[in-house]
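Down below is the structure, laid out as structure tokens.
What you see is a predicted model, and the numbers here were worked out from it, not measured in a lab.
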Amino acid sequence: MRETFLRIERFTSGLALAGACAMLVIASSLGVFQIVTRFILEQPAEWSEILIRLALIWMVFLGIPIAFRQGAMVSVDVVYRWSPPKLRRGLDWMVAIASLGLILVILWWGWDYAVRGRVQSMAGLESISMFWGYLALPVGALFCIFGIVGNLLDPQRHELETAQ
């Protein structure tokens, strides 16, 4: 069961990371496009700024699950280093439960915002509903659940290994 969940978690984390990377490529490409149209062609494309903002929001919410998976989000380094191994596992559970609580709030209210925002349009790009911007919250939260539980089952402490 544990290995099956970790295999699913690796897939979902890879999917989230690929999505975050794609959003970074989109945001940076649109940024270059915006610079060219504004300063070289002197014909600014107002819609590109809105899409850059949307891509950055999605990039962040798809990148957070990777940070959770690597144990880099809710960090209690000093307490963890000074604690005996049995207490460390308790700290892992406390951090996971607190993180899951926060993520469930983000999931609940993010979906609520997305549903309420479906009747709004983005300023400067009226053809796109705000639903797509707000949807980043619950989608990112779903990916985070897999990352948090995956880190609880198979802890990775990359930030502790590289700390000075």
Side-chain angles (χ1 to χ4, degrees), residues 4-76 94-159 162:
T4 302
F5 181 84
L6 289 174
R7 201 170 27 251
I8 292 168
E9 181 276 322
R10 278 191 294 276
F11 174 76
T12 59
S13 292
L15 192 62
L17 183 60
C21 290
M23 292 299 120
L24 177 61
V25 168
I26 289 170
S28 58
S29 299
L30 285 171
V32 169
F33 174 78
Q34 187 178 37
I35 289 169
V36 169
T37 59
R38 184 172 301 235
F39 296 110
I40 296 174
L41 302 177
E42 296 180 358
Q43 295 290 324
E46 295 86 15
W47 55 267
S48 62
E49 184 178 340
I50 290 92
L51 287 181
I52 290 170
R53 191 176 313 139
L54 189 64
L56 289 174
I57 291 168
W58 274 92
M59 180 188 70
V60 167
F61 280 97
L62 290 177
I64 292 171
I66 307 308
F68 271 121
R69 178 60 181 108
Q70 294 179 355
M73 284 298 284
V74 182
S75 187
V76 282
M94 286 175 37
V95 168
I97 290 169
S99 299
L100 283 171
L102 173 65
I103 291 304
L104 290 174
V105 168
I106 291 172
L107 176 66
W108 178 267
W109 288 108
W111 178 251
D112 185 53
Y113 278 18
V115 170
R116 289 179 190 212
R118 73 177 181 260
V119 296
Q120 298 173 332
S121 62
M122 294 186 183
L125 201 58
E126 284 76 21
S127 62
I128 297 181
S129 169
M130 283 300 295
F131 174 81
W132 300 108
Y134 292 135
L135 190 63
L137 279 81
V139 169
L142 284 174
F143 282 115
C144 282
I145 291 170
F146 286 101
I148 293 167
V149 175
N151 192 51
L152 186 62
L153 295 175
D154 179 32
Q156 296 179 2
R157 308 227 177 273
H158 297 297
E159 81 284 355
T162 58

Quiz item: Nearest 0.5 Å, what's the CE-CD1 distance between Met122 and Ile50?
Solution: 9.0 Å
Quiz item: So do the side chains of Val95 and Ile148 get within less than 4.5 Å of each other, counting heavy atoms only?
Solution: no
Quiz item: For the side chain of Arg69 and the backbone of Gly150, is there at least one donor-acceptor N/O pair under 3.5 Å apart?
Solution: yes
Practice problem: Identify the two heavy atoms, one from Cys144 and one from Ile64, that lie closest to each other, and give their separation to 0.1 Å. | Solution: SG-CG2, 3.5 Å
Self-check item: Heavy-atom pair with the smallest gap, counting every atom of Ala45 and Phe33
Solution: CB-CE2, 3.8 Å
Quiz item: What pair of heavy atoms forms the shortest contact from Trp111 to Pro138, and how long is it?
Solution: N-CG, 3.8 Å
Exercise. Taking Arg118 for its side chain and Val115 for its backbone only, find out whether a donor-acceptor pair lies under 3.5 Å.
Key: yes
Quiz prompt | Working for side chain to side chain contact (heavy atoms under 4.5 Å, CB included), residues Leu51 and Leu125 | solution = CA-CA 8 Å; Leu51 287 181; Leu125 201 58; 3.6 Å; yes
Quiz item: Quick one: does Leu142's side chain get under 4.5 Å of Leu107's, heavy atoms only?
Solution: yes
Exercise. Could you tell me whether the side chain of Ile26 reaches within less than 4.5 Å of the side chain of Ile52, counting heavy atoms only?
Key: no
Practice problem: Test side chain to side chain contact (heavy atoms under 4.5 Å, CB included) on Trp58 and Val139 and set out the steps. | Solution: CA-CA 9 Å; Trp58 274 92; Val139 169; 3.8 Å; yes
Quiz item: Any chance CZ of Phe11 has more than 12 other-residue heavy atoms, nucleotides or ligands included, within less than 6.0 Å?
Solution: no
Quiz prompt | Trace of the side chain to side chain contact (heavy atoms under 4.5 Å, CB included) decision for Trp108 with Ile103 | solution = CA-CA 9 Å; Trp108 178 267; Ile103 291 304; over 6 Å; no
Exercise. List the atom of Pro65, the atom of Phe143, and the distance in Å for their closest heavy-atom pair.
Key: CG-CB, 3.4 Å
Self-check item: Distance-minimising heavy-atom pair for Asn151 and Gln70
Solution: OD1-C, 4.3 Å
Practice problem: Starting at CH2 of Trp132, measure out to CG of Leu54 and round the result to the nearest 0.5 Å. | Solution: 10.5 Å
Self-check item: OH/Tyr113: more than 12 non-hydrogen atoms of other groups inside 6.0 Å
Solution: no
Practice problem: Scan Ser29, Pro44, Ser48 and name whichever one has a side chain to side chain contact (heavy atoms under 4.5 Å, CB included) with Gln34. | Solution: Ser48
Quiz item: Rounded to the nearest 0.5 Å, how far apart are CZ of Phe68 and CG of Leu152?
Solution: 12.5 Å
Quiz prompt | Closest non-hydrogen atom pair, Ser13 against Ile66 | solution = O-CD1, 3.1 Å
Quiz item: Yes or no on side chain to side chain contact (heavy atoms under 4.5 Å, CB included) for Leu6 and Leu153, after CA distance, side-chain angles and deciding distance?
Solution: CA-CA 8 Å; Leu6 289 174; Leu153 295 175; 4.2 Å; yes
Quiz item: So, are Asp154 and Arg10 salt-bridged, with charged N and O less than 4.0 Å apart?
Solution: no
Practice problem: May I ask you to decide whether Arg53 forms a salt bridge with Glu49, counting only side-chain N to carboxylate O separations under 4.0 Å? | Solution: yes
